[in-house]
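These notes are about the structure you will find just below.
So that the names make sense, note that chain A is the first sequence line, chain B the second, and so on, each numbered from 1.
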Amino acid sequence: MKLDVELTPREEVPRWMGYGTPVFTILAALAVSAVALVALDVSPLAAYRIMFVQTLTTSFGLTETVAKAVPLIFVGLAVYLPLKAQLWNIGAEGQLFLGAIAGTWVGVNVSLPTYALLPLMFVAGGLAGAVWIAVPAWLRAKLGINEIITTLLFVFIATEIKNYLVRGPMQAPGANFPQTPGLPAAARLPDLPIVGFPAGIVLAIALVGLIHVLLNYTRLGFEITFIGANDEAAEHAGMSKFKIYMIVLLSGGAIAGFAGVSEMAGVQGRLRAQFAPGYGFTAIPIALLGRNGAVQVMLAALFFAVLFVGGSSIQTLLSVPAAIVNIIQALVILFLITAEFFKQYSIDLSLTKRPDSNAAGRVEGDL
Amino acid sequence: MAGLVTGLANATVNASTVLILAGLGELISERAGVLNLGVEGIMLVGALSGFVTAFVTGSYWLGFGVAILAGGLISLVHAFLCISLNSDQAVSGIMLTLLGTGLTTYFGNSWSGKSISGFPERTLPLVGEYLVEIPILGTALFQSTVTDYAALLLVPVVWLFLYRTNIGLELVSVGEDPETADTMGVDVFKMRYLAVVLGGMFAGAAGAHLSLAFNEIWSASMTSGRGWIAVALVIFARWRPERILLGAYLFGLFNALQLYSQGLDITLGTGVPLAGLLNPVLNFVLNPTIMSTYPYIVTLLVLVLTVFRAENRELAQPSALVQSYSRELD
């Protein structure tokens with residue numbers, strides 16, 4: 001007897017799958033992570049209660065979550081936009097560092113009133129992020145060199161450049177710590193009136209809207225999606241793959257640069273050597289969860305923000321290592337790419353008699 | 001000066017073993033067409049499981065074995081996703097790194113800071129005493145732990161495996177052209193599974209070398225990016241095992257130079273300061289932090305070079321790298 005697995009490509013993805021998958025994935029990841037919590041003698045229910053309910057029902061928790069969500073929305077979009085053209089920007093972390101460096105430098109060295117200084121910082125940070133992805137982008141668009149490896153290599157170079165700058169040329173004068181001078185008040189993002197959320201969230205939401213409109217209602221957006229769906233057909237239709245690849249990757253780099261600026265101006269207040277948030281990797285499950293649209297990317301980023309804030313709460317309250325968040329993150333990716341398979345194929349299992357099928361001998365010859 | 005060079009050689013060879021092991025593993029996997037960005041995570045799993053086993057049982061040999069096994073087991077996840085489910089290889093690999101880092105930080109918490117006595121440094125029997133006397137490289141090469149020797153030995157073994165055995169040739173053919181290999185009767189799925197699991201076992205061994213021989217402690221994220229260097233190393237080596245050795249020494253040398261350059265005299269012993277403008281440039285170029293970017297920059301250059309020399313198949317990347325293969329559905 002032999003277990004027969006028959007795969008049939010689906011002609012159409014059932015509608016419920018598009019919306020159900022992200023939800024199912026998150027629930028499955030939380031269920032499996034519960035095993036890890038039980039293994040350390042922690043009640044998963046208590047942990048998840050603190051993680052989600054407490055985080056979302058206290059004003060401190062909400063503010064923290066929104067602050068955390070800002071860079072995550074940016075990096076999520078930085079991966080999502082190139083992904084629309086089937087390109088993986090794995091190096092958002094590096095572009096974020098460059099954005100943080102350029103933004104901080106402008107904030108510290110240029111004296112202008114807030115309304116001029118903050119935009120200048122974002123422009124500088126966005127440019128730096130775009131410059132940082134320019135080489136991988138060009139190598140991909142022109143020479144076809146895999147962008148996954150090159151953007152990743154640039155992360156490691158960016159990390160060392162950041163370390164070098166905060167220990168040398170950009171180090172605060174007279175400081176013993178590897179850090180830049182603090183940003184002046186004019187270079188800090190204010191909190192929103194009434195709700196008290198960090199103002200970066202407004203920019204993030206605006207960008208989500210912009211990308212939503214770009215992808216759904218413009219010719220450029222159509223070209224990006226078309227190239228992502230079938231690059232050969234798109235080229236036959238007269239679209240320039242080179243142009244689109246450069247546009248999505250450079251914009252991705254710039255958006256990741258914004259993440260760095262908003263983190264400096266909104267949260268950290270200065271660039272430190274130990275600033276290594278790992279947002280670039282979190283961006284991958286965010287972009288995957290939010291594959292269906294920019295708004296979904298934002299929701300996914302909010303989910304991870306809750307996870308991070310709640311993760312540090314259970315670390316202090318239940319002495320659970322915050323690494324549980326990494327585990328949940330990995331499981332979300334794991335279940336998402338598994339679900340991707342079930343979206344593409346329907347599966348039939350059946351038991352049949354084993355046929356004699358070991359006849360095909362290997363042909364000897366030059367391999 | 002001689003002392004400095006000997007010290008540098010020692011540090012270089014010491015730092016390179018983990019890169020040789022992890023690099024060879026990644027190479028085997030990529031040769032069959034499967035990119036594995038999970039090396040960093042697999043190494044951590046190997047380092048922790050090996051350490052805990054050695055700590056509990058007192059046997060570093062057992063620890064080493066368990067680490068290899070654990071490396072193979074966790075890489076099965078990557079194999080299943082990429083080979084059976086045709087998932088995106090880059091995403092799956094990054095997932096594995098996140099998972100490995102998360103799991104080992106989470107469960108390794110209570111082990112961190114504990115130390116063990118791992119593999120001792122030994123000279124080779126019979127000839128060892130004489131070889132150690134060789135100037136500069138003597139102690140570096142011939143007064144090492146058994147894992148150092150094993151890594152060196154594995155370079156020709158992997159070379160022979162890939163180019164001189166049937167199963168190795170089948171593995172390489174699967175990475176070059178799975179369709180043709182399939183029609184010639186090679187089981188593409190089996191070969192790719194074998195390559196990914198074998199690669200994971202090498203990465204597990206690399207991690208165990210770190211915690212059982214190199215550091216003799218466990219601490220969270222102790223691989224500190226070496227898994228990513230291993231990925232870069234394979235590109236640098238242009239997918240050839242013998243060049244892994246060369247590359248690992250080069251990457252190890254940069255690592256060692258970083259340690260030594262902190263007190264480096266940029267007048268090169270002459271005592272005469274170099275002329276004006278050159279000084280800041282040299283200071284920048286020889287800065288230990290800046291130096292640690294060189295391996296990545298060199299790797300990038302090699303990557304660009306391989307594209308221009310793609311017609312020379314010996315030097316190029318496996319043609320089917322990062323491509324999933326499915327028989328029934330194409």
Side-chain angles (χ1 to χ4, degrees), chain A residues 6-9 36 39-40 88 90 135-136 139 143-146 148-150 152-161 163-165 167-168 278 281-282 284-285 288 320-334 336-338 340-342 344-345 360-365 367, chain B residues 35 37 41 77 81 84-92 94-107 109 166 169-170 172-173 176 181 183-186 220 225 228-229 231-232 235 284 287 289-293 295-297 299-300 303-304 306-308 317 321-322 326 328-329:
Chain A
E6 198 167 315
L7 298 173
T8 350
L40 285 196
W88 275 113
I90 304 285
V135 172
L139 290 176
L143 300 179
I145 294 178
N146 193 314
I148 295 167
I149 300 285
T150 48
L152 195 62
L153 289 173
F154 270 79
V155 173
F156 304 122
I157 301 174
T159 311
E160 299 301 341
I161 288 180
N163 289 340
Y164 167 75
L165 289 174
R167 289 198 168 85
F281 287 151
T282 311
I284 289 156
L288 279 173
V320 174
I324 187 76
V325 176
N326 282 8
I327 299 176
I328 298 176
Q329 218 170 306
L331 290 172
V332 167
I333 307 184
L334 176 76
L336 266 178
I337 53 183
T338 315
E340 206 57 38
F341 180 77
F342 291 106
Q344 279 163 13
Y345 306 107
R362 196 172 76 85
V363 182
E364 297 292 335
L367 282 173
Chain B
L35 174 73
L37 295 183
V77 178
L81 288 171
S84 295
L85 298 191
N86 291 339
S87 299
D88 193 295
Q89 294 180 5
V91 176
S92 167
I94 282 171
M95 180 276 300
L96 206 56
T97 286
L98 281 170
L99 191 67
T101 314
L103 284 176
T104 54
T105 311
Y106 189 79
F107 289 108
N109 214 18
N166 266 350
L169 288 169
E170 286 183 9
V172 172
S173 74
E176 290 297 337
T183 48
M184 291 174 79
V186 178
W228 299 112
I229 296 189
V231 175
I235 302 168
F284 177 77
N287 182 286
T289 316
I290 293 302
M291 270 184 153
S292 46
T293 66
Y296 299 115
I297 295 172
T299 306
L300 269 169
L303 196 57
V304 175
T306 50
V307 171
F308 286 116
Q317 71 175 37
L321 186 63
V322 203
S326 51
E328 310 90 328
L329 304 164

Under 4.5 Å from a heavy atom of chain B, the part of [X] involved:
X: A/I90; value: side chain
X: A/I148; value: side chain
X: A/L139; value: side chain
X: A/L288; value: side chain
X: A/I284; value: side chain
X: A/E340; value: neither
X: A/I149; value: side chain

Over all atoms of both residues, closest heavy-atom pair of A/I327 and B/G102: CG1-C, 3.6 Å
Closest non-hydrogen atom pair, B/A232 against B/T299: O-CG2, 3.2 Å
Does any heavy atom of chain A fall under 4.5 Å from the side chain of [X], the backbone, both, or neither of them?
X: B/L85; value: both
X: B/L35; value: side chain
X: B/L303; value: both
X: B/L37; value: side chain
X: B/V172; value: neither
X: B/I235; value: side chain

Exercise: do B/T293 and A/E160 side chains pair donor with acceptor under 3.5 Å: no
Atom pair CG (B/L98) and CG (A/L331), whose distance is rounded to the nearest 0.5 Å: 10.0 Å
Spacing of A/I333 atom CD1 and A/I328 atom CD1 [to the nearest 0.5 Å]: 13.0 Å
Listed partners of A/T150 passing side-chain hydrogen bond (donor to acceptor under 3.5 Å, both in side chains), at least two apart: none
With sequence neighbours excluded, residues passing side-chain hydrogen bond (donor to acceptor under 3.5 Å, both in side chains) with B/Q89: none
Heavy-atom pairs under 4.5 Å with chain B, option from A/F154, A/W88, A/F281 with the top count: A/W88
Side chain proximity check, B/M95 to A/L336, heavy atoms < 4.5 angstrom: no
Close side-chain approach of B/I229 and A/F156, heavy atoms under 4.5 Å: no
Closest-packed option against chain A by number of heavy-atom pairs under 4.5 Å, given B/G225, B/S87, B/G41: B/S87
Heavy-atom pair count under 4.5 Å with chain A, highest-scoring of B/Y296, B/F284, B/F107, B/Y106: B/Y106
Side chain to side chain contact (heavy atoms under 4.5 Å, CB included) partner of A/I161, the single match among A/T159, A/N163, A/L165: A/L165
